[in-house]
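Beneath this line is the structure, given in structure tokens, with notes to follow.
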Amino acid sequence: SHEVEGIVSRHRSGEGYQKHSATLKELAEYEKVLDQVKVTQKDLEQDGFIKNPFFHGIVAEVPEQHRTKEGHAKVGYALYFYTYSSWKGRALYMEDLYVMPEFRGKGIGKALMSKVAQLGLAAGCTQLNFAVLDWNKPSLDFYLSQGCFDVTADMGYHCMRCEGAALEQLAQGDT
């Protein structure tokens with residue numbers, strides 16, 4: 001597979017969220033968790049375009065001659081937000097890195113991740129954190145090839161979550 005020339009990655013603006021929510025569903029389908037997608041196009045618009053946004057995004061677009069057979073120019077995205085490490089200071093968390101299947105292996109994912117890293121360094125961040133599914137060997141291999149390391153394997157940390165009724169109970173102090 002050859003490199004796609006003319007890739008443009010840019011910060012997400014308000015337009016185009018209908019396509020983004022569809023791409024987000026493609027990612028969820030790939031990760032076998034489509035039934036867990038609860039966020040709507042309206043949520044994305046509201047949460048990403050307020051004074052203190054909950055997330056930031058970068059979109060990979062290809063020039064017209066490389067568009068998908070359906071005519072899409074937006075072929076991938078990265079969704080990230082700023083966080084903080086009590087030991088290391090400013091940090092980034094990359095929630096999603098997605099490239100449409102027919103555009104994988106052409107440097108688009110690397111370009112998106114590189115742009116996220118550039119923005120993080122410019123903001124004074126010292127680390128980029130993200131999760132990857134244990135069965136996703138192509139992505140694991142890609143991240144390792146970029147100099148990333150497996151925090152679970154190397155440091156013993158596990159990613160934990162509290163949601164739904166358990167989150168409500170925790171907030172009320174009922175647990």
Side-chain angles (χ1 to χ4, degrees), residues 11-14 16-60 76-101 109 112-175:
H11 290 299
R12 238 298 159 228
S13 62
Y17 265 92
Q18 194 163 4
K19 174 60 184 150
H20 184 71
S21 65
T23 310
L24 191 142
K25 287 179 180 166
E26 287 177 25
L27 171 61
E29 194 170 8
Y30 174 74
E31 292 186 351
K32 303 176 177 90
V33 292
L34 185 58
D35 61 321
Q36 295 183 32
V37 177
K38 304 296 182 224
V39 71
T40 66
Q41 179 184 338
K42 186 177 180 187
D43 293 331
L44 291 169
E45 290 170 0
Q46 288 178 340
D47 294 343
F49 298 97
I50 54 179
K51 186 175 182 209
N52 296 305
F54 280 88
F55 69 88
H56 304 278
I58 301 168
V59 175
Y77 74 95
L79 189 143
Y80 66 96
F81 53 89
Y82 294 93
T83 184
Y84 202 81
S85 164
S86 55
W87 296 339
K88 305 261 180 153
R90 294 178 184 184
L92 274 170
Y93 190 89
M94 186 171 62
E95 181 66 27
D96 295 339
L97 178 64
Y98 179 75
V99 176
M100 293 174 121
L112 285 166
M113 193 170 178
S114 177
K115 185 66 176 174
V116 171
Q118 290 167 22
L119 292 165
L121 288 173
C125 296
T126 61
Q127 59 187 20
L128 171 61
N129 296 296
F130 52 92
V132 60
L133 290 162
D134 58 1
W135 57 260
N136 192 346
K137 182 123 173 61
S139 292
L140 279 165
D141 291 344
F142 167 72
Y143 296 134
L144 291 169
S145 78
Q146 299 307 301
C148 303
F149 65 94
D150 183 340
V151 174
T152 303
D154 295 356
M155 299 175 73
Y157 285 97
H158 286 273
C159 183
M160 305 296 291
R161 177 177 298 151
C162 184
E163 63 183 4
L167 181 60
E168 295 284 341
Q169 286 183 317
L170 181 61
Q172 294 170 10
D174 294 346
T175 52

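Scanning both residues, Leu112 and Gly76, for their nearest heavy atoms gives CD1-C, 3.9 Å. The two atoms that bring Lys51 and Pro53 nearest to each other are O-CD, 3.3 Å, heavy atoms only. The minimum heavy-atom distance between Gly109 and Leu97, with the atom names listed, is O-CD1, 3.8 Å. Between Pro101 and Tyr98, the shortest heavy-atom distance links the atoms CD-OH, 3.5 Å.
Residues passing the side chain to side chain contact (heavy atoms under 4.5 Å, CB included) test with Cys148 are Met113, Phe130, Tyr143, Gln146, sequence neighbours excluded. Phe81 meets the ring-ring contact (aromatic ring centres under 6.0 Å, His included) test with Tyr93; sequence neighbours excluded. Shown here are the side chain to side chain contact (heavy atoms under 4.5 Å, CB included) partners of Met155, two or more places apart in sequence or in another chain: Phe149, Val151, Tyr157. Taking the side-chain hydrogen bond (donor to acceptor under 3.5 Å, both in side chains) definition, one finds that Ser114 meets it with Gln118, sequence neighbours left out. Scanning for side chain to side chain contact (heavy atoms under 4.5 Å, CB included) contacts around Tyr82 gives His56, Tyr80, Leu92, Leu119, Ala123, Cys125, with sequence neighbours left out.
The CG atom of Leu167 sits 10.0 Å away from the CD atom of Gln172 when rounded to the nearest 0.5 Å. The line from CD of Glu95 to CZ of Phe54 is 13.5 Å long, rounded to the nearest 0.5 Å. Between the CG atom of Leu133 and the OG atom of Ser139 there is a distance of 8.5 Å, given to the nearest 0.5 Å.
The salt bridge (charged side-chain N to carboxylate O under 4.0 Å, His left out) analysis of residues 80-91, with sequence neighbours excluded, yields no pairs. Pairs of residues two or more places apart, or lying in two chains, that qualify as salt bridge (charged side-chain N to carboxylate O under 4.0 Å, His left out) and include a residue from residues 125-153 are Lys137-Asp141.
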